[in-house]
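Working notes for the structure below.
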Amino acid sequence: MNEEMDQSMKIDVLTIFPEFFDTVFEFGIIRRAKLAEIVEINVHDIREYATDKHKMVDDRPFGGGDGMVLKPEPIFAAIENLIGTSDRDAYPAGTRVVLLSPQGRPLKQAVAREFADEAKHIVMICGRYEGVDERVNATLVTDEVSIGDYVLSGGEPAAIVIVDSVIRLLPNALGSDTSAENDSFERGLLDCPHYTRPAEFRGMAVPEVLLNGNHAEIDKWRFEKALEKTKLNRKDLLTGENGESER
Ligand code: 9D3
């Protein structure tokens, strides 16, 4: 096949809990994208790359302290198997090795867009415990990403979030009736409220403007409601102090 024609993406997930991903990629847009061969997703148990007799994947931190640290050897072996090299500078073009970590660059729509536009092969490394041996970060990782300022038990939920946000931006992943350009974060505003039938439910009426068929008035109402909601819940989107403006 002509290389410029092939817009498909390969995603590999490295985790010590592969069962965590057993069903998450089997619904909706992700399922359809897999069936349409827009994306191929494979989940790998880091333990399968451990070579010692106890299949050790973690160890105590040098310098002391609580918790365990993921060992470098199995992760280097996994990357060499999946990419063909553990030399970051020798990765094929379009290869991203993403470490999910609380220390990462915050995930924004612009980051998902960058991966969707530029990556052909993404390997996600899910951290656990207190973290991952820093030599993984220093040598293998091209992008360290966090999904926000709250504490997770590991990188697995973050990997799922990134996979979802990236796949829906791949060419042809959404049905022709939907467009990623209309998504609220691509516009920099939260979405307006939505209503469907019945026009009155338990005494609550749908706003009259939505029923009168005047589309100029409807567009104006929707914009005003979106602005109101954004001022209330996400002032940072309006003042450009959250990095979202790099769209
Ligand atoms: C005690 C200090 N903590 C660092 C902030 C330790 C720690 C907390 C949580 C170490 C690892 C984790 C597990 N979290 C992730 O691996 C993670 C994560 C997150 O916790 N929040 C947002 N995004 C991400 S991406 C990976």
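Start at 1 and go down the list; that is how both ligands and their atoms are numbered.
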Quick one: nearest non-hydrogen protein atom to atom 10 (C) of ligand 1, plus distance? Tyr129 O, 3.4 Å
In terms of residue, atom name and distance, what is the protein heavy atom nearest to atom 6 (C) of ligand 1? Glu130 OE1, 3.7 Å
Is a donor from one side chain sitting under 3.5 angstrom from an acceptor on the other, for Ser8 and Glu37? no
Within the distance-only criterion (no hydrogens, no angle test), does the side chain of Arg234 pair as donor or acceptor with the backbone N or O of Leu189 below 3.5 angstrom? no
So which protein heavy atom does atom 23 (N) of ligand 1 come closest to, and at what separation? Ile147 N, 3.0 Å
What about Phe201 and Leu210, same hydrophobic cluster or not, with Ile/Leu/Val/Met/Phe/Trp/Tyr joined at side-chain heavy-atom distances under 4.5 Å? no
Can you figure out which of Pro102, Gly148, Gly131 has its heavy atom closest to atom 22 (C) of ligand 1? Gly148
Using a 4.0 Å cutoff against the non-hydrogen atoms of Gly155, which atoms of ligand 1 qualify? 15 (C), 16 (O), 26 (C)
With a 4.0 Å heavy-atom cut-off (strictly under), which part of Ser146 contacts ligand 1: side chain, backbone, both or neither? both
Would you verify that at least one protein heavy atom lies under 4.0 Å from atom 3 (N) of ligand 1, or report that none does? no
For atom 18 (C) of ligand 1, the closest protein heavy atom turns out to be Leu152 CD1, 3.7 Å
When distances are taken from atom 21 (N) of ligand 1, the protein heavy atom at minimum range is Tyr150 O, 2.8 Å
Pull out every atom of ligand 1 sitting under 4.0 Å from any heavy atom of Ala158, numbered as shown with elements. 25 (S)
Taking N or O atoms only and a 3.5 Å limit, does Val145 qualify as a polar contact for ligand 1? no
Who's the nearest protein heavy-atom neighbour of atom 8 (C) of ligand 1, and how far? Val151 CG1, 3.8 Å
Looking only at atom types and distance, does a side-chain atom of Ser146 sit under 3.5 Å from a main-chain N or O of Pro106, one as donor and one as acceptor? no
Pick out which of Ile122, Val166, Ile167 makes a side-chain contact (heavy atoms from CB on, under 4.5 Å) with Val39. Ile167
Do you reckon Tyr150 sits in the same ILVMFWY cluster as Val111, going by side-chain contacts under 4.5 Å, direct or chained? yes
Glu228/Lys225 ion pair, N-O < 4.0 Å: yes
Would Met56 and Ile125 show up in the same hydrophobic cluster when neighbours are defined by side-chain heavy atoms closer than 4.5 Å? no
State whether Arg128 and Glu156 are salt-bridged, where the test is any N-O pair (Lys NZ or Arg NE/NH1/NH2 against Asp/Glu carboxylate O) under 4.0 Å. yes
Among protein heavy atoms, which lies nearest atom 25 (S) of ligand 1, and at what distance? Ser101 N, 3.3 Å
